[in-house]
Q: 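Supplied in structure tokens, the structure appears directly below.
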Amino acid sequence: MATQDDDTETFYGRLHIPPKSRCIRLLHVQGPDPNVAADGGPIYCDVAVVDLDSDSTWTALSYVWGTMASEPDVIFCNQTAFRVTSNCYSALRHLRQILGSFTIWVDAICINQADNLEKGHQVGLMDDIYSRAGTTYIWIGEGSESTERVVKLLSNTGFLEYFLDANGQIKPRVWAAYLSYVMAQWGLKRSTLPILERGCYIPRFSIANLLQPFRKEPLCTVHELHEFFQCSWITRIWTFQEVLMPNNPIVVCGLSQIAWSRLELSIAFLASIRTPGFTVNIRTWDNRHLRSGEKWLNVVFARDAYRTKVKDSSKHNSHLRNYWLFCISIGRAHRNLNTLLILVFFTFVWSIYFAMYKPRGGQLATSLFWLIIGTPVAIVGAGLSVHVLFYTFAPGPSFYNLAVLHKSVTSRINRDFRTRILTALCTRNATDPRDFSFGIRSVLQRSHLGTQLQLPPADYSISKAEAYKQFTMRFFQGQRVTKLLPLALQHRCEGAPSWVPDFSKRLEISPGKIYMFSDVTEGSQSYQRWNSEDKLILKGLVFQEIHSVTKHDTRGWSFKAHGGYSSFASRPVRDGDKLALISGMPCPVVLRDKGNSFELVSAANVTRWWLFGMTSALWKSHNKQKRAKWKEIQGTGLPPGTVVEDDPGDYLDDILIS
């Protein structure tokens with residue numbers, strides 16, 4: 001009796017794809033049968049091999065594979081029963097209800113997952129598959145009544161009617177948008193903001209609660225919004241490029257759908273107000289445990305940078321950026337109105353005071369005394385009155401402090417595309433660890449970085465260590481050492497050189513315990529390159545040997561070094577290791593001597609007072625001595641008064657990291 005694996009092997013054998021061709025398989029899903037169950041009955045598909053350069057049209061699916069059900073779901077491809085995961089089956093079933101019959105590319109079916117050679121070849125074509133697809137459907141899960149409310153909110157929030165005119169041209173009307181926001185808070189018009197739940201964010205006697213029984217239909221709550229954005233789709237490395245490359249992505253949840261072009265504006269707006277889950281915190285957003293809304297916001301700005309082909313982020317200008325600045329302007333209007341109301345309340349209070357107690361004769365001094373004492377009291381009272389008026393009786397997501405928003409928008413929009421890719425690597429997951437190097441290859445090749453990086457093709461026959469090494473050498477070539485070393489100092493990839501980070505581990509782009517400030521090294525050049533033996537060559541100096549290592553339960557390892565130095569390390573060090581200063585790194589590192597090279601071990605400090613004091617002084621002292629000695633040698637035989645131009649790359653030692 002033939003098994004499922006035998007049938008699958010036969011299925012792919014009949015639909016063979018030549019290794020070096022530009023052919024792909026496409027899945028034509030037949031429409032639902034109206035004579036059977038409500039879900040349309042079994043899913044029947046016709047699979048064919050087509051050339052990417054032909055006139056064929058198709059859609060593509062971006063989803064999370066998920067797991068097989070206890071009784072695996074089955075679709076019929078060319079009369080062959082094909083087992084698929086529950087999430088894949090659900091996506092196809094719902095899309096069939098929405099579209100009827102359609103042609104789609106689904107990686108789990110259109111690629112022979114058991115053939116590593118074919119898989120690597122098809123991964124290399126994914127940029128064309130997604131960029132040429134008429135529509136890419138982003139499946140985030142089965143829907144419910146709450147997700148329908150969320151999609152409806154996301155389709156209407158953000159005051160877009162005050163940002164664009166009737167012809168779709170940008171024409172911001174900031175005060176009209178803010179007036180609409182205030183009226184919605186007071187229940188004078190339908191709100192397009194998520195409401196805050198009673199007992200958690202909102203008092204019982206607020207306008208929102210008083211009007212709740214009179215609403216014709218329930219509104220989306222902040223909790224429902226958070227649950228919607230917490231889907232597993234946003235956590236996978238493959239889905240990052242699957243949303244950046246398509247021209248027309250559409251997010252589908254159950255039978256509800258929203259175009260990405262509308263969704264990204266809604267996400268940007270929700271990030272500009274105090275919506276739980278979309279906190280603006282530029283210090284802690286670069287880690288694998290981001291709040292769900294923050295992860296979506298990162299994708300929104302990454303796609304915007306990719307689609308606009310921005311090389312110089314300081315000159316970035318796009319529809320999304322203009323809308324984000326519009327949202328900031330609404331926040332500015334919010335601040336200005338609050339200030340104005342406080343002044344009005346203050347003037348009103350003192351007008352009443354002087355009308356009732358007009359000073360006469362000897363009462364002038366007393367009145368001046370009470371004027372001085374009462375002014376700050378009146379200001380505080382006016383501020384409290386405005387707070388009660390706007391945040392107690394009519395609470396809701398409110399606007400951030402303008403300084404916080406300005407700092408956030410600068411850091412997000414001006415972030416270069418390579419850093420956005422690095423953020424995706426450090427905040428997402430993959431089933432196969434090698435996918436961290438293969439899963440973003442297509443988007444890098446199509447970006448303005450493609451010609452610089454020259455990434456190798458995806459090869460599933462190599463090990464994780466080899467894949468990470470190849471990717472690291474190309475991705476970080478020409479970058480500052482502070483981009484690479486802090487990642488490798490957190491988690492190094494086993495079986496690879498010590499300078500290769502393990503991207504499958506939890507990494508932080510801005511780890512506070514490794515580097516917290518900008519470079520203290522003099523000179524701006526990046527002294528980082530690789531030799532023919534795949535050894536990383538850095539500039540710096542090795543200055544002391546470690547001894548007296550002590551293991552601590554919570555703080556890592558403490559040690560001393562010759563010359564009176566002492567420090568802490570976050571990773572295991574041992575006697576005989578070396579302390580080194582690396583050009584571009586704001587803290588010393590621990591190296592292990594391997595004969596003709598060193599192994600990267602750990603950052604040499606984990607406490608903040610080192611960074612403020614001794615580290616800077618330590619570098620300046622050794623750097624000054626090294627530079628003076630080099631200048632003395634270079635100046636030998638030159639006429640008196642000749643100025644010797646120096647650069648750290650000239651007088652510092654080469655340090656080889658293996």
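Source: prediction; values computed, not measured.
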Q: To check you understand the geometry: which heavy-atom pair defines the closest contact between N247 and R307, and what is its length?
A: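 Closest pair (atom of N247, atom of R307, distance): OD1-NH2, 2.6 Å.
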
Q: For residues 433-443, which residue pairs qualify under side-chain hydrogen bond (donor to acceptor under 3.5 Å, both in side chains), counting only residues two or more places apart or in two chains?
A: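 Output for this query lists W238-D435, D432-R434, D435-Y460.
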
Q: Give me the one residue out of C231, C88, S232 that meets side chain to side chain contact (heavy atoms under 4.5 Å, CB included) with V64.
A: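 Of the listed residues C231, C88, S232, the side chain to side chain contact (heavy atoms under 4.5 Å, CB included) partner of V64 is S232.
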
Q: Under the salt bridge (charged side-chain N to carboxylate O under 4.0 Å, His left out) criterion, do D51 and R22 qualify, and how do the steps go?
A: CA-CA 6 Å; D51 193 300; R22 286 178 52 79; 5.2 Å; no

Q: Check the orientation of W296 and W260. Use parallel for under 30°, tilted for 30 to 60°, and perpendicular for over 60°.
A: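 Rings of W296 and W260: parallel, as their planes differ by under 30°.
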
Q: Can you name the salt bridge (Lys or Arg N to Asp or Glu O under 4.0 Å) partners of E264, sequence neighbours left out?
A: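 Listed in chain order: nothing, the list is empty.
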
Q: Per the side-chain hydrogen bond (donor to acceptor under 3.5 Å, both in side chains) rule, which among T239, N298, T235, T423 passes with R428?
A: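 Going through T239, N298, T235, T423 one by one, the side-chain hydrogen bond (donor to acceptor under 3.5 Å, both in side chains) with R428 is satisfied by T239 alone.
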
Q: Take the angle between the ring planes of F476 and F503 and call it parallel below 30°, perpendicular above 60°, tilted in between.
A: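 Parallel: the ring planes of F476 and F503 meet at under 30°.
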
Q: Do W105 and L27 touch side chain to side chain, with heavy atoms closer than 4.5 Å?
A: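 When only atoms from C-beta onward are counted, L27 and W105 do not touch, as no gap falls below 4.5 Å.
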
Q: Any heavy-atom pair between the side chains of L52 and W58 that's under 4.5 Å?
A: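 Touching, per the 4.5 Å side-chain cut-off.
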
Q: Got a salt bridge between D53 and R132, using NZ or NE/NH1/NH2 to carboxylate O under 4.0 Å?
A: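 Result for this pair is yes, salt bridge flagged.
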
Q: With distance as the sole test, does S498 use its side chain to make a donor-acceptor pair with the main-chain N or O of E599 at under 3.5 Å?
A: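 A pair under 3.5 Å: no.
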
Q: Not counting sequence neighbours, which residues clear salt bridge (Lys or Arg N to Asp or Glu O under 4.0 Å) with E494? List them please.
A: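 For E494, no residue satisfies salt bridge (Lys or Arg N to Asp or Glu O under 4.0 Å) once neighbours in sequence are set aside.
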
Q: Should the pair K539-D654 be classified as a salt bridge under the 4.0 Å nitrogen-to-oxygen rule?
A: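 Salt bridge: yes.
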
Q: Report yes or no: do S62 and W233 form a side-chain donor-acceptor pair below 3.5 Å?
A: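 Distance-only check passes for S62 and W233.
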
Q: Where the side chain of S90 meets the backbone of S86, is there a donor-acceptor pair that is under 3.5 Å apart?
A: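 Checking the backbone N and O of S86 against the side chain of S90, no donor-acceptor pair under 3.5 Å is found.
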
